[in-house]
Amino acid sequence: MGSKLVDKKRKSRVQEESEPEDEFANVDFDGVLSQSEDELGDLSSDDEDYEAQEQDDSESEGSEDGEDDDILSDDIPSDVDGEAEINKLMKDQFDDLEITEPGVDPKPKHEKEEDRNYRIEKDANGNERYVYDEIDPVYDSDDSDAQGPVNTIGNIDLSFYDSYPHIGYDINGKKIMRPATGDALQSLLDSIEVPKGWTGLTDVNTGNPLNLSEEELELVRRVQMGLVTDELHDPYPETVEYFTSIEEKMPLSAAPEPKRRFLPSKNEAKQVMKLVRAIREGRILPYKPPEDRERELEEEEEVHFDLWQNEEPQEPNVMHIPAPKLPPPGYDMSYNPPEEYLPTKEEREEWEKLEPEEREKDYIPQKFTSLRKVPAWDNLVKERFERSMDLYLAPRVRKNRLNIDPNSLLPKLPSPSELRPFPTVGQTIFRGHEGRVRSVAIDPSGVAVASGGDDGTVRVWELLTGRQVWSVKLSSDESVNAVRWRPTKDSFILAAAVGEDIFLMVPNHASVAPALDQASREILSAGFGYAANGQVHNAPGKEPSAKWDRPGAKLEDEGVLLRITVRSTVKVINWHRRGDHFATVSPTGQRSSVAIHTLSKHMTQIPFRKLSGLAQTASFHPLRPLFFVATQRTIRCYDLQKLELIKVLQPGAKWISSFDIHVGGDNLIVGSYDKRLLWHDLDLSNRPYKTMRFHSEAVRTVRFHKGGLPLFADASDDGTLQIFHGKVPNDQLENPTIVPVKVLKGHKVVNKLGVLDMDWHPREPWCVSAGADGTIRLWM
């Protein structure tokens, strides 16, 4: 029996321990350990309580197991020995107890009478009787819904008590009386219909029953309900807003006083100083009634100023201009001029017909017999005013005017003929794509050109002949957004982006040696062995950033050997200079918009979990371990060794389309959709060194020549390419020389799209361009 009990307890313990495992089987505990120390303290105290409880349970369990073991042992005493042991125990336990009444537990011998809950009385026969106090349950609750006595008759039907005045008994054994009911007279009165308006009162004056009308009853009802007796009274009139001078003791808000209440405001101090300065200078005057101001203006005397009162006589100088003087009056201005100065009747009429501006003189000579008959001069005020203006506006010093040709102020740029070589004419047109050609690239050897377009195909052409040598269709629904060659000459690998997939392929070309082809295939397949050895680990519970696999037998036969699937559509591909890493940009990818892929390990990493702005393009530095990421308005430079942000470039463009880094690594050009081309000097400032506007539509792409020639170009939606001579001097004190040398025209604009991409030849001053008209052009 004891072994069964032990087994049951052990099974219950096992069940209790197994239940928590099922309960937390699917719970994620990630981040639980990052709680505060207080929470950890609470958890530790709970664990201690739980361990103490477990210890108590184990001790009690052990004691029970011990008892069972004792019972199951072979040393079971006989009946005689058992009775002796029992009598001994009873004697030891009951020595200090005495039985005071039958049917009641024994009490201690030395119990006090105050501790008893009964009293001893004599019954009618003279015997002792123990009388207990009635059970009076004290109801200490403040609740007004206290229950009455509870009937304790159980499930007995109350019909058995119809002949008795009570209906049962309470917990104390007392009868519960039947509740009172109305008599027959009351039921009769209830059945009688009371007339309308009857009150049961008698009129004192007439002695007749007092009946009330409808209006009086309504008045009594409103008084009883606490309403206003007048029905037309509106207890809730519309609120009339008004301002009161009563100080409100209760604030409208219990928020603490803001900091500006007890800190002086700098803006207010400036305003006060402006007012003080204006008062000191007399621009702000104290208030005066209008009558006083008019009186002061009348009392003020007119003040006249002499412009030349402080003028000192100067020696004659070529550069000095004295004040102009009026000419002396002539005979025609006399009040009694000679007859020959007086005009005739015809001359007077002719003078009056002329406009005031066309008259030679403002007056006509007149003759008076005496000076006292000369009237006042009508134009005196006007003449004095013009004289004052002449004196005021007259120059005092002669200044020599500089005659400078504006063209001489412009910097002297070299002639484009002196800056050759650069592409000038279209040499070859490549046709074969259906729809737009979105991307174009020349391989590092300069022999082949790769292109991708809306038809979902990647084509490889011979650069000089324009002949198509290889093509593969990667998708029938998605377009090829980007094609880029691996930049090293030890392989012949092409990367192409189609939707969310990135394909790595080795095109078949006559110029590719078998050894080079085999080396390229080994480079692409080396990563599968790295992944098979288990050296690529993904975080548990997280989806991989990208999936590396083979594209299928059909594509493998055509040279497509590797496929990488990411989370969103890829628009840009840029290789690292060593060819083991390349970056892809998905503008719609949000957190995973920028990804760095490692070819030798078949590994994809997302460097940014949160990027401010939509990523547009990304590129590696040509010399140093730096990584540039362009958003809509800024370009950020990161150090891949220190893993930190170094610089933020602000080109000032509304939407950046592309950028490229000079082979020297110190200069950068940016193209934008708002028709601008910007040159940045990374050592000078984060603002552009020069801004150029040569296009009427958006600039799609910009490229530096990677072969050492001082050339760069941009492609625009207006269907043209602008070729620039951009020489970066070795002396850092000199500024770079930027000269536009040629505009290449040839592509047609289709649906407001012109040239979508371009690339330079690795050695020669040649470039290729891809247009929305479905053609690829070679410029030489």
Among residues at least two apart in sequence or on other chains, which ones pass salt bridge (Lys or Arg N to Asp or Glu O under 4.0 Å) with [X]?
| X | result |
| --- | --- |
| Asp454 | Arg436, Arg438 |
| Asp674 | Arg676 |
| Asp580 | none |

For [X], check side-chain hydrogen bond (donor to acceptor under 3.5 Å, both in side chains) against everything at least two apart and list the hits.
| X | value |
| --- | --- |
| Ser417 | Ser415 |
| Glu558 | none |
| Ser451 | His433, Trp461 |
| Thr465 | Glu462 |

Will you find, in the side chains of [X] and [Y], an N or O donor that is under 3.5 Å from an N or O acceptor?
| X | Y | answer |
| --- | --- | --- |
| Arg687 | Gln650 | yes |
| Asp477 | Ser475 | no |
| Ser658 | Arg703 | no |
| Arg484 | Ser439 | yes |
| Asp773 | Thr775 | yes |
| Ser471 | Gln468 | yes |
| Arg591 | Ser593 | no |

Please output the side-chain donor-acceptor pairs of residues 618-632 that fall under 3.5 Å, not counting sequence neighbours, one pair per line with the distance.
unit_1	atom_1	unit_2	atom_2	d
His621	ND1	Leu623	N	3.0
His621	ND1	Arg624	N	3.0
His621	NE2	Gly665	O	3.0
Thr631	OG1	Thr634	N	3.4
Thr631	OG1	Thr634	O	3.2
Thr631	OG1	Thr634	OG1	2.9

Under 6.0 Å between ring centres, would you say that holds for Trp548 and Phe528?
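Ring-ring flag for Trp548/Phe528: false, centres at least 6.0 Å apart.
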By ring pair (Phe, Tyr, Trp, His ring centres under 6.0 Å) - contacts of Phe712 (at least two apart):
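By the ring pair (Phe, Tyr, Trp, His ring centres under 6.0 Å) rule, Phe712 matches Trp679, Phe704, Phe724.
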Inter- and intrachain pairs under side-chain hydrogen bond (donor to acceptor under 3.5 Å, both in side chains), touching residues 419-430, at least two apart:
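Listed once each, the pairs would be none.
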Pairs in or reaching into residues 440-450: which pass side-chain hydrogen bond (donor to acceptor under 3.5 Å, both in side chains), with residues at least two apart or in two chains?
Asp443-Ser445
Any side-chain to backbone donor/acceptor pair from [X] onto [Y]? Under 3.5 Å, distance only.
| X | Y | value |
| --- | --- | --- |
| Arg486 | Gly579 | yes |
| His680 | Leu682 | no |
| Asn481 | Val498 | no |

Not counting sequence neighbours, which residues clear side-chain contact (heavy atoms from CB on, under 4.5 Å) with Ser592? List them please.
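For Ser592, the residues satisfying side-chain contact (heavy atoms from CB on, under 4.5 Å) (neighbours in sequence not counted) are Arg567, Ile606.
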